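Following: one structure in structure tokens, then a few remarks.
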Amino acid sequence: MKAPLPERLIAILARERRAGAMQLRDVHALSLEERVEAGEAVKELAVVSSGKDGYTLACPEFVARFRAGDTLYLGDGTAIDAGAAVVFREYDPIRSLVLVDHDRFAAPRPLPAVGAGAKLVLDRRDADFADRTMAAVRALFQSPTYAAARELLIGRAPRTQAVECVAGPERARALGLDATQSEAFSAACSQPFAFVQGPPGAGKTRLAAAVIGAFVAAGRRVLVTAFTHRAVNNVLEAVARTDPSAPIVKIGAERQFEGLDRTRVQSVPTARAWRDQGGACVVGVTTHAAPGLLGQQFDLALVDEAGQVSLAHACAVLPLARRLVCVGDHLQLPPLVIAEHRDPLARRSLFQHMHELYGSFLLSSTYRMNAELCEFPSRAFYGGRLVAAAQNAAQRLCIAGDVSPILAPDPPAVIVPQHHRGARVMSHAEARLAADLVIAAVRGGVAPTEVAVIAPHRAHGNRVRALLRRGLPELSAELLPVVDTVERLQGGERDLIVLSFAASDPQAVLGEAQFFFSPNRLNVSLTRARKKLIVLLSERLLDAYPDDPESLRGSDLLRRLWSTLPRVEGPASAAGA
């Protein structure tokens with residue numbers, strides 16, 4: 001007999017906590033050189049300046065897997081947990097500087113004393129939010145106040161519940177929404193809950209902003225939440241753009257305001273510091289910080305990228321509002337999981353859960369991809385129901401000069417076979433080819449901001465980024481083409497995408513099959529491009545046959561991609577590892 005749902009969710013959180021602690025313990029047990037090689041540390045750092053916000057550090061080489069917001073130790077690299085508690089802000093590759101902030105949630109601690117000429121080290125530090133999420137799970141299932149939210153989560157919520165209709169089809173028409181967007185909009189504005197599946201480029205952020213705008217116009221309070229700050233910011237920015245007078249608050253540190261610097265969005269450092277001022281408002285917060293709002297009551301909670309929100313984290317959001325709208329796609333990136341779980345709920349997202357219980361509205365037009373780029377993902381993931389909108393169906397990459405067949409506007413999607421062997425997480429030859437293609441595109445007139453390289457592993461991406469820095473010296477760090485993992489590009493789009501798989505060791509990728517052969521990750525990777533997609537792929541990867549069904553499906557999709565897309569041979573130099 002299965003345990004009750006709250007016990008299962010708390011057990012999942014506890015297992016994730018243990019796995020994170022063990023993972024960090026194993027990393028800290030490595031030598032400094034091993035940690036650096038694994039991308040878990042940065043060495044040879046020197047303090048350039050320090051201030052009330054943090055430190056600026058000279059960094060001769062940066063190959064770490066750190067992201068903005070990661071919690072770190074800054075110390076001597078030996079007694080790791082004796083270092084100062086800091087938060088990674090950014091790496092400036094042009095000036096070779098690392099910027100870190102003091103962690104205001106940790107006990108203040110000075111930098112450890114180092115000898116003359118000695119350098120500092122950045123090491124990863126644990127950030128454990130499990131306690132407050134567990135508390136939210138218990139509150140949802142124990143408090144009589146949250147009975148309606150509890151019924152919704154377990155599939156017993158009635159659709160016939162009487163609620164106010166804040167807007168109808170006429171407002172959808174006035175906003176220029178298409179047919180499927182209008183249907184979803186009307187449901188979100190007239191029903192107690194609505195779930196909207198937004199495939200890549202289908203305008204889910206526009207729809208979310210339209211729904212929020214309708215509630216604000218009716219004088220209602222709206223909570224906007226998502227797993228990442230970036231997703232929350234995207235929605236808030238869209239609301240601020242469409243209604244500059246809307247009162248909008250973002251809960252989080254200033255470094256977490258990416259994309260909101262030119263808006264009137266106000267900053268509140270923590271959820272507990274927010275105070276209701278009365279009247280219509282929009283409050284943005286991540287699902288990690290949402291437990292701090294328990295006790296507050298909004299008229300609507302809108303969850304963006306709900307396919308990435310776990311059921312446990314959803315328990316912190318559902319009690320906060322009388323009505324719920326989830327916008328997401330369970331066929332794109334799933335919730336982040338680091339532990340091995342027998343319980344399938346660990347990988348089940350809020351969107352998938354609600355979609356299977358109550359159904360959802362599918363947005364069926366993509367306003368991103370041209371018709372050729374849309375064809376494969378539509379058939380592979382959406383049953384052929386996703387179509388390119390008329391205005392972008394025939395768009396092509398505009399590039400000047402005598403370019404290689406790889407970069408030619410037609411065909412819009414190509415595979416460039418790679419002939420290196422034994423690459424696990426990085427291939428120098430493939431990184432060189434990816435960088436050369438990007439440089440040629442920029443030299444051919446493609447805006448650097450309209451080009452991106454997707455790589456499964458950060459080590460490979462760092463290599464491509466270094467080559468671009470040298471190959472495009474006239475561009476500042478901010479203007480260089482984006483090179484990143486697909487996780488960081490979900491929701492993003494570019495005219496030209498270079499998808500570089502890098503690996504050519506089948507046995508090595510089988511060791512991380514659930515990551516490498518994830519159908520959801522493949523879907524996101526293939527759907528970032530508007531006009532041109534270049535896939536750098538070794539045929540040796542097609543010899544990998546994972547054991548688990550989901551990864552096997554992903555490897556089969558990769559083989560279908562290989563047999564479907566036209567192939568263009570690259571330069572002979574790509575044969576070296």
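These numbers come from a predicted model, not from an experiment.
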With rounding to the nearest 0.5 Å, note down the distance linking [atom1] in [X] to [atom2] in [Y].
{"X": "Leu541", "Y": "Trp562", "atom1": "CG", "atom2": "CH2", "value": "9.0 Å"}
{"X": "Ile439", "Y": "Leu437", "atom1": "CD1", "atom2": "CG", "value": "9.5 Å"}
{"X": "Leu32", "Y": "Thr78", "atom1": "CG", "atom2": "OG1", "value": "9.5 Å"}
{"X": "Gln23", "Y": "Arg18", "atom1": "CD", "atom2": "CZ", "value": "14.5 Å"}
{"X": "Asn234", "Y": "Glu258", "atom1": "CG", "atom2": "CD", "value": "8.5 Å"}
{"X": "Leu433", "Y": "Leu536", "atom1": "CG", "atom2": "CG", "value": "5.0 Å"}

If I compare all heavy atoms of [X] with all of [Y], which pair ends up nearest, and what's the gap?
{"X": "Ala434", "Y": "Val498", "answer": "CB-CG1, 4.2 Å"}
{"X": "Ala271", "Y": "Ala289", "answer": "CB-O, 3.6 Å"}
{"X": "Tyr545", "Y": "Asp543", "answer": "CD1-O, 3.4 Å"}
{"X": "Leu311", "Y": "Leu350", "answer": "CD2-CA, 3.9 Å"}
{"X": "Ala290", "Y": "Leu320", "answer": "O-CD1, 4.0 Å"}
{"X": "Ala316", "Y": "Leu294", "answer": "O-CD2, 4.2 Å"}

Does the side chain of [X] reach to within under 4.5 Å of the side chain of [Y], using non-hydrogen atoms?
{"X": "Pro519", "Y": "Leu331", "result": "no"}
{"X": "Asp126", "Y": "Thr71", "result": "no"}
{"X": "Leu122", "Y": "Leu45", "result": "yes"}
{"X": "Pro6", "Y": "Arg138", "result": "no"}
{"X": "Lys532", "Y": "Ile497", "result": "no"}
{"X": "Glu61", "Y": "Ser96", "result": "no"}
{"X": "Val48", "Y": "Leu97", "result": "yes"}
{"X": "Leu74", "Y": "Leu111", "result": "yes"}

(message) Determine whether His28 and Glu40 satisfy the following criterion, side chain to side chain donor-acceptor pair (under 3.5 Å), listing intermediate values before the conclusion.
(response) CA-CA 9 Å; His28 286 179; Glu40 300 292 349; over 6 Å; no

Just checking [X]: does its [atom1] atom have more than 12 heavy atoms from other residues, nucleotides or ligands closer to it than 6.0 angstrom?
{"X": "Glu90", "atom1": "CD", "answer": "yes"}
{"X": "Arg109", "atom1": "CZ", "answer": "yes"}
{"X": "Arg272", "atom1": "CZ", "answer": "no"}
{"X": "Asp261", "atom1": "CG", "answer": "yes"}

(message) Quick check on side chain to side chain contact (heavy atoms under 4.5 Å, CB included): which of Val285, Leu260, Val283, Val268 does Lys250 satisfy it with?
(response) Leu260

(request) Report the C-alpha separation of Asn462 and Arg465 in whole Å, then their side-chain angles, then the decisive distance to 0.1 Å, and conclude whether the side chain to side chain donor-acceptor pair (under 3.5 Å) test is met. (result) CA-CA 5 Å; Asn462 286 337; Arg465 196 178 295 110; 2.5 Å; yes

Determine whether a donor-acceptor pair (N or O, by modelled atom type, separation under 3.5 Å) exists between the side chain of [X] and the backbone of [Y].
{"X": "Arg368", "Y": "Thr527", "value": "yes"}
{"X": "Arg463", "Y": "Ala459", "value": "no"}
{"X": "Arg424", "Y": "Val509", "value": "no"}
{"X": "Arg432", "Y": "Val464", "value": "no"}

(request) Return yes if a side-chain donor-acceptor contact under 3.5 Å exists between His341 and Glu16, otherwise no. (result) yes

(message) Is it the case that the side chains of Ser555 and Arg559 hold a donor-acceptor pair, with the cut-off being a distance below 3.5 Å and no angle test?
(response) yes

(request) Measure from NZ or CZ of Arg124 to the centre of the six-membered ring of Tyr73, then state whether that distance is under 6.0 Å and the direction lies within 45° of the axis. (result) no

Using the ring of each side chain (for Trp, its six-membered ring), is [X] parallel, tilted or perpendicular to [Y], with breaks at 30° and 60°?
{"X": "Phe501", "Y": "Phe516", "answer": "tilted"}
{"X": "Phe351", "Y": "His330", "answer": "parallel"}
{"X": "Tyr55", "Y": "His102", "answer": "perpendicular"}

(request) Just do the side chain to side chain donor-acceptor pair (under 3.5 Å) check on Glu34 and Ser31 with the steps written out, would you? (result) CA-CA 5 Å; Glu34 289 171 330; Ser31 69; 3.3 Å; yes

(request) Go through the steps for Ile534 and Leu407 under the test side-chain contact (heavy atoms from CB on, under 4.5 Å), then give the verdict. (result) CA-CA 8 Å; Ile534 300 170; Leu407 283 167; 3.8 Å; yes

(message) Before you tell me yes or no, could you show the steps for Arg528 and Glu450 under salt bridge (charged side-chain N to carboxylate O under 4.0 Å, His left out), namely the whole-Å CA-CA distance, both residues' side-chain angles and the distance that decides it to 0.1 Å?
(response) CA-CA 11 Å; Arg528 301 305 94 196; Glu450 288 300 339; over 6 Å; no

Tell me whether [X] is salt-bridged to [Y], with the criterion being a basic N under 4.0 Å from an acidic carboxylate O.
{"X": "Asp304", "Y": "Lys204", "answer": "yes"}
{"X": "Arg262", "Y": "Glu237", "answer": "no"}
{"X": "Arg15", "Y": "Asp343", "answer": "no"}
{"X": "Asp92", "Y": "Arg95", "answer": "yes"}
{"X": "Arg125", "Y": "Asp103", "answer": "yes"}

(message) Listing request: all side-chain hydrogen bond (donor to acceptor under 3.5 Å, both in side chains) pairs with a residue in residues 495-519, at least two apart in sequence or in separate chains.
(response) Arg347-Gln514, His420-Ser504, Glu430-Ser500, His457-Glu512, His460-Ser500, Asp495-Arg530

(request) Please report the C-alpha distance between Thr263 and Ile248 in whole Å, then the side-chain angles of each, then the deciding distance to 0.1 Å, and finally whether the side-chain contact (heavy atoms from CB on, under 4.5 Å) criterion is met. (result) CA-CA 10 Å; Thr263 68; Ile248 305 174; over 6 Å; no

(message) With side-chain contact (heavy atoms from CB on, under 4.5 Å) as the criterion, how do Asp76 and Leu120 come out once you've worked through the C-alpha distance, each side chain's angles and the decisive distance to 0.1 Å?
(response) CA-CA 5 Å; Asp76 62 7; Leu120 293 167; 5.6 Å; no

(request) Any chance you could lay out the side-chain contact (heavy atoms from CB on, under 4.5 Å) test for Val100 and Arg89, step after step, and finish with the verdict? (result) CA-CA 5 Å; Val100 295; Arg89 187 196 302 176; 5.9 Å; no

